[in-house]
Amino acid sequence: MMRERVADVRVTPIAFRDPPLLNVAGVHQPWALRSIIEVETDRGRIGLGESYGEADTLAHLQAIAPTLVGLEPHDLNGLTRQVYARVGGDDDIGAPFPPRGDKARASALGAFEVAFWDLQGQMADRPLHELLGGAVRERVSYSAYLFYKFARHHEDPGYPVDDWGETLTPQQLVEQARRMAEVYGFGSIKLKGGVFEPEVEIEGLRALRAAFPHHPLRIDPNGGWSVETTRRVMPALSEPGLLEYLEDPVGTLEEMAEVARFAPMPLATNMVTIAFGHLPRTVELKALQVVLSDHHYWGGLRATQQLAALGRVFGLGISMHSNSHLGISLAAMTHVGLTLPNLAYACDTHYPWQEDEVIEGGKLAIRGGSLAPPPGPGLGVKLDREALSRLHQNYLDCGIRRRDDASEMRKHRPDFDPTRPRF
Ligand code: GKR
Ligand code: MG
């Protein structure tokens, strides 16, 4: 019998509304970009993927797409070969510190790999996590991802003020956290920092700790602090029971290693250890304790499992990083999360900040702070075609082709300087 093969691959850029969330780089633009990947077989099955939607990623995905025709959905090594042939970079996907080429390759691979897995699941009539080795838990825990935010975007008359309002004070942070906890049941809290002086953000953490005495709490200044600043605030950050871990206080691996020498709490990253080739030096320097995996740029779901296995070998904890995303990404994160024995922390997700969806049935429902994968074979999600064309039209109309939080911030604060360390 003829084997089922890829017959067509479509990559559709989309844009969806994003609230004015603050971070070290500036503020989110009114639209977030993603790309939706459809890999269709000669029997009409469609596997789905979701990835970044910025111009350079999109160019890679669109260049690779036609070269996948003829592959079998099980041929992940064949897929890897095609991706490597089209996206420049070193031969070793994780060679030490050439992250540009390798991140581009790993991101392209991850985008298509999820769609290939989705097809494999559909062909086997099995949910994806079963193909990935089976579940070690029934649900994946996610954390409340708190952001300081403006009440509205600077110039966007068509966009109503979002109903989260402004979050600039400790009291407003607590209110944001209460709403997250009430609606989604989150049992862990992450604060996106790097926005205000660290002492101001620590006041926010203290308010959260007082309001949520038992929720594990983290802060992530995205490399916005210097080593000296981190040393200065360490006594306050080390107050008993305040932090579960400290994420990317400083911007380089070497600086993380310096901080690790005086920080009593675990250090986590999604910024300095972002490829396999970074692991030897990370381990050698004892620079951190938790790697926030992300299938979108580590190279897919197999790579995520391999990273978790290496984490077990070297005593690194594993959790998950997130960017603004929709349900295809969340389904993929949840399937692979079910299979990682050492997923020891609640994963990040921006999902509550996104109102729109591209999958049938609308938003997936995080309940009790966790999510079970959507039922059904493969990822368990299907494209809502009307939503896809609407979100694609948003992309065509919005004019944004590259995320630029700093320029957006300068509309509010003309003297804003995103140079890091900011503090
Ligand atoms: O969405 O503003 C944001 C975040 O800062 C995001 O860009 C980061 O990639 O969430 C991320 C992180 O944990 O560093
Ligand atoms: Mg981070």
Side-chain angles (χ1 to χ4, degrees), residues 15-34 51-54 57 99 103 106-107 110 142-150 153 162 164 167 176 180 188-196 201 217-225 230 243-253 255-256 259 265-274 278 287-298 317-326 329-330 333 345-354 400 402-409 412 416 418 420-422:
F16 47 84
R17 291 295 191 180
D18 207 16
L21 307 178
L22 298 166
N23 62 26
V24 73
V27 60
H28 285 206
Q29 293 158 290
W31 299 94
L33 308 180
R34 296 293 270 179
S51 188
Y52 308 105
E54 303 200 305
T57 305
K103 192 172 178 192
S107 304
Y142 290 93
S143 62
Y145 198 155
L146 309 189
F147 279 82
Y148 291 106
K149 70 181 287 294
F150 294 140
H153 288 290
D162 69 68
W164 290 88
T167 305
Q176 192 186 102
M180 287 267 182
S188 295
I189 298 175
K190 164 171 172 168
L191 172 61
K192 175 56 61 181
V195 176
F196 299 113
E201 297 185 350
L217 200 55
R218 314 135 186 193
I219 183 168
D220 174 15
N222 278 122
W225 301 347
T230 310
L243 282 189
E244 177 185 38
Y245 60 64
L246 173 60
E247 181 175 334
D248 288 313
V250 291
T252 69
L253 187 60
E255 289 174 327
M256 286 286 272
V259 172
M265 74 288 284
L267 299 183
T269 191
N270 63 275
M271 294 181 73
V272 299
T273 304
I274 59 167
H278 300 164
L288 45 98
Q289 289 73 36
V290 183
V291 178
L292 304 176
S293 70
D294 185 327
H295 73 268
H296 302 93
Y297 63 76
W298 275 87
I318 298 291
S319 187
M320 269 189 224
H321 162 257
S322 147
N323 268 310
S324 307
H325 67 91
L326 299 180
S329 284
L330 187 63
M333 290 162 70
Y345 304 90
C347 300
D348 290 353
T349 179
H350 285 55
Y351 200 59
W353 292 109
Q354 266 71 67
I400 298 172
R402 193 174 62 85
R403 178 175 170 179
D404 186 353
D405 295 14
S407 299
E408 191 64 27
M409 186 59 147
H412 299 259
F416 177 74
R420 283 177 240 182
R422 281 187 65 203

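These figures come from a predicted structure and were not determined experimentally. Indexing begins at 1, ligand by ligand and atom by atom, following the structure's order.
At the shortest separation from atom 9 (O) of ligand 1 among protein heavy atoms lies H321 NE2, 2.8 Å. For atom 3 (C) of ligand 1, the closest non-hydrogen atom of the protein is H28 NE2, 3.2 Å. Of the protein's heavy atoms, N323 OD1, 3.1 Å lies nearest to atom 6 (C) of ligand 1. With hydrogens left out, the protein atom closest to atom 10 (O) of ligand 1 is Y145 OH, 2.4 Å, a heavy atom. With hydrogens left out, the protein atom closest to atom 1 (O) of ligand 1 is H350 NE2, 2.7 Å, a heavy atom. Protein heavy atom at the shortest distance from atom 14 (O) of ligand 1 is N222 ND2, 2.7 Å.
The N23 neighbourhood of ligand 1 comprises atoms 2 (O), 3 (C), 5 (O), with distances under 4.0 Å to a heavy atom of that residue. For ligand 1, the atoms closer than 4.0 angstrom to any heavy atom of S322 are 10 (O), 11 (C). The distance from ligand 1 to the heavy atoms of D220 drops below 4.0 Å at these ligand atoms: 12 (C), 13 (O), 14 (O). Remark: ligand 1 atoms within the under-4.0 Å shell around heavy atoms of F147 are 1 (O), 2 (O), 3 (C).
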Take D18 and Q29 through the side-chain contact (heavy atoms from CB on, under 4.5 Å) test and state the conclusion after the steps. CA-CA 7 Å; D18 207 16; Q29 293 158 290; over 6 Å; no

Working note: L288 + V272, criterion side-chain contact (heavy atoms from CB on, under 4.5 Å); need CA distance, chi angles, decisive distance, verdict. CA-CA 10 Å; L288 45 98; V272 299; 3.8 Å; yes

Audit row: H295, S329, side-chain hydrogen bond (donor to acceptor under 3.5 Å, both in side chains) steps and yes/no: CA-CA 9 Å; H295 73 268; S329 284; 4.9 Å; no

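When only interatomic distances are considered, the shortest N/O to N/O separation between D405 and ligand 1 does not fall below 3.5 Å. Between S324 and ligand 1, no pair of N/O atoms sits closer than 3.5 Å.
Of the possible donor and acceptor atoms, none in the side chain of E408 sits under 3.5 Å from a partner among the backbone N and O of H28. Looking at S322, its side chain does come within 3.5 Å of a backbone N or O of H350 through a donor-acceptor pair.
When only modelled atom types and interatomic distance are considered, N23 and D405 share a side-chain donor-acceptor pair under 3.5 Å. H153 and R17 share no side-chain donor-acceptor pair at under 3.5 Å.
When each of R218, Q289, K190 is paired with Y245, the side chain to side chain donor-acceptor pair (under 3.5 Å) condition holds for R218 and for no other. The only option from L217, L191, L21, I219 that meets the side-chain contact (heavy atoms from CB on, under 4.5 Å) definition with L146 turns out to be L191.
At least one N, O or S atom of E247, from either the backbone or the side chain, sits less than 2.8 Å from the Mg ion (ligand 2). For M271, every N, O or S atom stays at 2.8 Å or more from the Mg ion (ligand 2).
Nearest N/O/S atom of D220 with respect to the Mg ion (ligand 2) is recorded as OD2.
Looking at H325 and L330, their side chains come closer than 4.5 Å, going by heavy atoms from C-beta outward.
Under 4.0 Å from ligand 1, not a single heavy atom of M271 appears.
Among K192, R218, H325, R403, the residue whose heavy atom lies nearest to atom 12 (C) of ligand 1 is K192.
At least one cation-pi condition fails for R422 and W225: the charged atom is not both under 6.0 angstrom from the six-membered ring centre and inside a 45 degree cone around its axis.
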